[in-house]
Amino acid sequence: MNVSTLTTTIILIALILLVLAILLRAVRIIPQARAGIVERLGKYHTTLNPGFHVTVPFIDRVLPLIDLREQVVSFPAQSVITEDNLVVGIDTVVYFQVTDPKAATYEITNYIQAVDELTSATLRNVVGGLNLEETLTSRDQINTELRGVLDSTTGRWGIRVSRVDIKEIQPPHSIQDSMEKQMRAERDRRAAILTAEGQKQSQILTAEGDSRAAILRAEGEKQSQILTAEGDAKAAILRADGEAQAIQKVFRAIHSSNPSQKLLTYQYLQTLPKLAEGDANKLWFIPTELGDALRGIGNAFTPANAAPDMGDEEDEQDAATPPASPLVDTPVVKVTAEDLNPNLDKLDSGVEIPDENGPLQP
């Protein structure tokens, strides 16, 4: 291969590479949600939308692509003076989107910086007409006013502001301390009110419960007294019926057995010692029939074949004579328990008394 052939080959290769570089430079592929501004000979020519495009090399120049998606920019805290001359720091977040790439490129130098400065100026104007309390409680109002002002101004820049949010409002430290004390006092007041209401409700419920308990207790006591009275009445009736039946049974038994005078005399004497029972019975009264009873007991011990003397006849006559009434003619004999106890001991010694029907046991 000679020199001319080698030179020709090199030139061809260089031309091919140049053509490839020109073709590659002329072909532009724009991705989705992007836009490209084409300047031909330094003048705006067209806007490249997403897709495949061919430009004239060395004549057309494609500027950096512009993002058409909604962007979120957080701006640092801005010192704002309120209507009551308090300095607060406010952090804002702006949501915006480029709607016109040509206007965003040629109407404003740096639209992000422009949005930042416009937000700060608008925020000072809006918050300057509010006091601290309104600033802290009127975030929605501030957001709405900021969005309206920014959207009207940035429209000619090809930018649409969709939303403005206030992230944080930082009042001065002294104001924060005062607000914390105020909130603490308010919470303490509410807690005291709730506690007082709870105690009041508790006392009301306790009083109602005590009243109901007292009513139920009174009703229970009333029913208990009624039942006790009914039980006592029934017990008294049953006791009286029992005593009446016992008296009737004793009365019938005495009359059916037809007791003799000697048995009645003996039973009469057996009852007398009970009158002397007790420490307080130092003096008691007995009727004069005691002598007749003693004489009857003495006759019971006298043998049947013994000859009666004159005294016995007189005794029979005396016995035949009816005794005087104890309430009118009977004299009362006053005897102490010590004088009568020797005779009573003898009567209780277990002596058998003969009877027509047989011996009687003590």
What are the two closest non-hydrogen atoms of Glu134 and Gly129, and how far apart are they?
-> OE1-O, 4.4 Å
Is any side-chain heavy atom of Leu216 less than 4.5 Å from a side-chain heavy atom of Glu219?
-> yes
Please check if the side chain of Asn125 supplies one atom and the backbone of Ala121 the other of a donor-acceptor pair under 3.5 Å.
-> yes
Would a distance-only check, ignoring hydrogens and angles, find a side-chain to backbone donor-acceptor pair under 3.5 Å from Asp116 to Phe75?
-> no
Option passing side-chain hydrogen bond (donor to acceptor under 3.5 Å, both in side chains) with Glu186 (candidates Arg190, Gln182, Arg184) = Arg190
Distance in Å, Ile10 CD1 paired with Leu15 CG, rounded so as to fall on 0.5 Å steps | 12.0 Å
Taking it one step at a time, do Gln71 and Ile112 satisfy side-chain contact (heavy atoms from CB on, under 4.5 Å)?
-> CA-CA 10 Å; Gln71 302 181 39; Ile112 295 180; 4.2 Å; yes
Taking all atoms of both residues into account, what is the closest heavy-atom pair of Arg69 and Ala33, and its distance?
-> CG-CB, 3.7 Å
Given the rule that I, L, V, M, F, W and Y join up when any side-chain heavy atoms are under 4.5 Å apart, are Ile66 and Val161 in one cluster?
-> yes
Same cluster or not: are Val62 and Leu68 linked, directly or through other Ile, Leu, Val, Met, Phe, Trp or Tyr residues, by side-chain heavy atoms under 4.5 angstrom apart?
-> no
To the nearest 0.5 Å, how far apart are CD1 in Ile226 and CD in Glu221?
-> 12.0 Å
Side-chain donor/acceptor of Asp60 to backbone N/O of Val56, under 3.5 Å | yes
Give a yes or no on whether Glu70 atom CD has more than 12 heavy-atom contacts from other residues, nucleotides or ligands under 6.0 Å away.
-> yes
Honestly curious: do Val93 and Val98 fall in one hydrophobic cluster under the side-chain, below-4.5 Å linking rule?
-> no
If you count the non-hydrogen atoms of other residues, nucleotides and ligands that lie under 6.0 Å from CD in Gln32, is the total more than 12?
-> no
Approximate separation, where rounding is to 0.5 Å, of Leu150 CG and Trp157 CH2 = 8.5 Å
Backbone N or O of Gly198 within a donor-acceptor pair of the Ser202 side chain at under 3.5 Å?
-> no
Give a yes or no on whether the backbone of Thr135 and the side-chain of Ser138 come within a donor-acceptor separation of less than 3.5 Å.
-> no
Main-chain N/O of Ala26 paired with Thr55 side-chain donor or acceptor, under 3.5 Å = yes
Please examine the side chains of Asp91 and Ser74, heavy atoms only from C-beta on, and report whether any two atoms are closer than 4.5 Å.
-> no
So, does His45 use its side chain to make a donor-acceptor pair with the main chain of Leu41 at under 3.5 Å?
-> no
Mind checking the CD1-OG1 spacing from Ile108 to Thr153? Nearest 0.5 Å is all I need.
-> 11.0 Å
Roughly how far apart are Leu130 CG and Gln141 CD, rounded to 0.5 Å?
-> 5.5 Å
Quick one: does Val115's side chain get under 4.5 Å of Val73's, heavy atoms only?
-> no
Using the side-chain contact (heavy atoms from CB on, under 4.5 Å) rule, take Asn131 and Thr82 through it: C-alpha gap first, then chi angles, then the decisive distance, then the call.
-> CA-CA 5 Å; Asn131 55 31; Thr82 61; 5.6 Å; no
Within-4.5 Å side-chain heavy-atom neighbours: Pro101 and Ile37 = yes
Around Arg34, counting heavy atoms of other residues, nucleotides and ligands shown, do more than 12 lie under 6.0 Å from its CZ?
-> yes
Can you check whether Ser162's main-chain N or O pairs, donor with acceptor, with Arg147's side chain at less than 3.5 Å?
-> yes
In short, Glu39 meets Tyr106 closest at the heavy-atom pair OE2-OH, 2.9 Å
Answer yes or no: is there a donor N or O on one side and an acceptor on the other, between the side chain of Thr99 and the main chain of Gly158, under 3.5 Å?
-> yes
Whether over 12 other heavy atoms sit under 6.0 Å from Arg139 CZ | yes
Ser224 side-chain N/O to Gly220 backbone N/O, donor-acceptor pair under 3.5 Å = no
Before giving the answer on side-chain contact (heavy atoms from CB on, under 4.5 Å), spell out for Leu123 and Ile142 the whole-Å C-alpha distance, their side-chain angles and the decisive distance to 0.1 Å.
-> CA-CA 8 Å; Leu123 186 64; Ile142 297 174; 3.9 Å; yes
Nearest-0.5 Å distance that lies between atom CG in Asp232 and atom CD1 in Ile237 = 11.0 Å
Would Lys234 and Glu230 pass as an ion pair if we require N to O under 4.0 Å?
-> no
Flag side-chain contact, heavy atom, 4.5 Å: Ile193 against Arg189 | yes
Glu208 CD: over 12 foreign heavy atoms closer than 6.0 Å = yes
Would you kindly confirm whether Ile90 and Val149 end up in one hydrophobic cluster when ILVMFWY residues are joined by side chain heavy atoms under 4.5 Å apart?
-> no
Gln170 atom CD, neighbour heavy-atom count above 12 within 6.0 Å = yes
If you take all heavy atoms of His53 and Asn49, which pair is closest and at what distance?
-> NE2-O, 2.6 Å
Are any of the side-chain nitrogens in Lys200 or Glu197 under 4.0 Å away from the carboxylate oxygens of its partner?
-> no
Could you state whether Val27 and Ile30 fall into the same hydrophobic cluster, counting links through intermediate Ile, Leu, Val, Met, Phe, Trp or Tyr residues with side-chain heavy atoms under 4.5 angstrom apart?
-> no
Non-hydrogen side-chain atoms of Leu65 and Pro31 separated by less than 4.5 Å = yes
Would you indicate whether Ile22, at its atom CD1, is surrounded by more than 12 heavy atoms from other residues, nucleotides or ligands within a distance under 6.0 Å?
-> yes
